[in-house]
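Here's the structure, in structure tokens; my notes come after.
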Number of protein chains: 2
Amino acid sequence: MPTDLRRPQRTYTIRQLCLEFKCTPRALRFYEDKGLLTPARDGMNRVYSYKDRARLKLILQGKRVGLSLAEIGEILDLYDLDDGGAAQMAKSLRKFKERIVALESQREDIDRAIQELQVGCNNLEQKLIATRPDLLPRAADYDQMLRQRLDGLEHVAAK
Amino acid sequence: MPTDLRRPQRTYTIRQLCLEFKCTPRALRFYEDKGLLTPARDGMNRVYSYKDRARLKLILQGKRVGLSLAEIGEILDLYDLDDGGAAQMAKSLRKFKERIVALESQREDIDRAIQELQVGCNNLEQKLIATRPDLLPRAADYDQMLRQRLDGLEHVAAK
DNA sequence: GCGGCATCTTACGTTAACGTCAAGATGAGG
DNA sequence: CCTCATCTTGACGTTAACGTAAGATGCCGC
């Protein structure tokens with residue numbers, strides 16, 4: 001019977017959590033500095049409880065959707081002293097909806113930028129066709145680009 | 001016959017360009033520091049030519065689509081010592097296409113984040129309906145939100 | 001000659017989320 | 001006892017694009 005790594009009574013070292021969630025010890029200490037985590041201690045060493053792990057999970061989820069650590073902190077603060085989680089849920093709901101609005105606005109900015117760039121690309125291609133078609137990117141160059149990007153990804157993955 | 005503000009032989013003070021393009025003198029000096037602009041001088045004072053104005057226009061266009069000043073600089077450097085603009089156009093084309101790819105990737109990230117947030121919102125709303133429906137945002141609150149956002153925009157616009 | 005305005009240079013401050021040493025403590029293994 | 005590995009606490013560095021004084025210069029009108 002393999003040990004369940006997520007038993008509620010389990011504890012974790014800083015490295016274990018870092019491995020599990022692919023982050024660095026520095027990051028966890030930083031979150032602690034900001035009051036987002038408050039692990040127990042065994043002597044000097046940090047001991048993370050199952051609850052700490054859950055909080056970390058929320059922190060990383062928040063980061064993925066673009067919340068700042070400060071905003072995540074506001075939500076997390078309600079986790080402890082809460083009427084059964086309702087206030088925290090209400091605050092989360094507000095924050096989430098705000099974030100959705102902001103993200104949709106960002107997406108509009110991006111779409112506008114892409115449009116502007118595509119207009120620019122078309123203009124440039126027309127002019128290059130007329131003057132220096134030899135400078136136009138060709139299919140071979142495009143393959144080259146793709147290969148470079150894949151190499152980049154492998155490189156990152158290898159680290 | 002009104003003076004054409006864009007006659008090629010015209011020159012501009014720093015403030016004139018700032019007013020026209022809604023930026024600050026500090027920004028123009030910063031661009032100069034970075035080598036993106038090299039206006040002439042009249043004593044101590046900067047004198048911007050029509051070409052400088054064109055370069056500034058390109059800088060701001062580049063910024064709008066998310067190019068860094070360094071990237072814009074690479075493109076601009078080819079504006080001067082160029083075989084009729086072809087090399088510059090080819091480089092711009094590459095940069096633009098790179099930027100389009102990057103922006104599309106960003107948009108995917110945003111879409112994923114929005115999806116994740118919407119799932120979270122649904123969950124939270126369900127739970128709040130079951131436990132504390134009084135904490136749910138109501139239509140009146142929504143109006144309030146809209147009004148606040150409009151006030152914010154007017155405030156910014158008034159500046 | 002003086003107030004007022006525009007301009008100049010220099011240089012430190014800002015923001016977020018860590019990265020990157022540096023230097024020391026602690027326990028396990030050989 | 002030595003060394004290694006892991007942990008700790010500082011504390012400064014990084015990045016981008018400016019913002020924000022502080023203090024000097026120069027011109028215009030009166």
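All values below come from the heavy atoms of this structure, side chains included, with hydrogens, waters and symmetry mates left out. Quick note on labels: first sequence line is chain A, next is B, and so on, each numbered from 1.
For dT8(D), one of the phosphate oxygens OP1 or OP2 lies less than 4.0 angstrom from a side-chain nitrogen or oxygen of Arg46(A). Within the 4.0 Å cut-off from OP1 or OP2 of dC7(D), at least one side-chain nitrogen or oxygen of Arg15(A) is found.
Between Ile72(A) and Leu58(A), every side-chain heavy-atom pair lies at or beyond the 4.5 Å cut-off. At a threshold of 4.5 Å between non-hydrogen side-chain atoms, the residues Leu117(B) and Leu103(A) count as touching. Side-chain contact check for Tyr31(A) versus Leu60(A): some heavy-atom pair is nearer than 4.5 Å. Residues Leu69(B) and Phe30(B) are in side-chain contact: their nearest non-hydrogen atoms beyond the backbone lie under 4.5 Å apart. Side-chain contact between Phe96(A) and Val65(A) is absent, with no heavy-atom pair separated by less than 4.5 Å. Residues Asp111(A) and Arg107(A) are in side-chain contact: their nearest non-hydrogen atoms beyond the backbone lie under 4.5 Å apart. At least one side-chain heavy atom of Arg46(A) sits under 4.5 Å from a side-chain heavy atom of Arg29(A).
Between the CG atom of Asn45(B) and the C1' atom of dT25(D) there is a distance of 9 Å, rounded to whole Å. In this entry the distance linking CD1 of Ile59(B) with P of dA17(D) reads 12 Å, nearest Å. Taking atom CD1 on Ile14(A) and atom P on dA25(C), their separation rounds to 20 Å, with Å as the unit. Per the geometry, CE belonging to Met44(B) stands 13 Å off P belonging to dA24(D), to the nearest Å.
No single ILVMFWY cluster, assembled from side-chain heavy atoms under 4.5 Å apart, contains both Leu28(A) and Val47(A).
Residues Glu20(B) and Arg53(B) are paired through a salt bridge, judged by an N-O separation under 4.0 Å between the basic side chain and the carboxylate. Remark: Arg55(A) does not engage Asp52(A) in a salt bridge, criterion side-chain N to carboxylate O under 4.0 Å.
Arg112(B) pairs in a side-chain contact (heavy atoms from CB on, under 4.5 Å) with only one of the listed residues (Ile110(B), Asp109(B), Ile114(B)), which is Asp109(B).
Taken residue by residue, residues 23-42 of chain B places heavy atoms nearer than 4.0 Å to DNA chain D at Thr24(B), Arg26(B), Ala27(B), Phe30(B), Tyr31(B). For the segment residues 61-75 of chain B, the set of residues with a heavy atom within less than 4.0 Å of an atom of DNA chain D comprises Lys63(B), Ser68(B), Leu69(B), in numerical order.
Two end axes, each from the C1' atoms of five base pairs, can be drawn for the helix from dG1(C)-dC30(D) to dG30(C)-dC1(D); they diverge by 30°, to 10 degrees.
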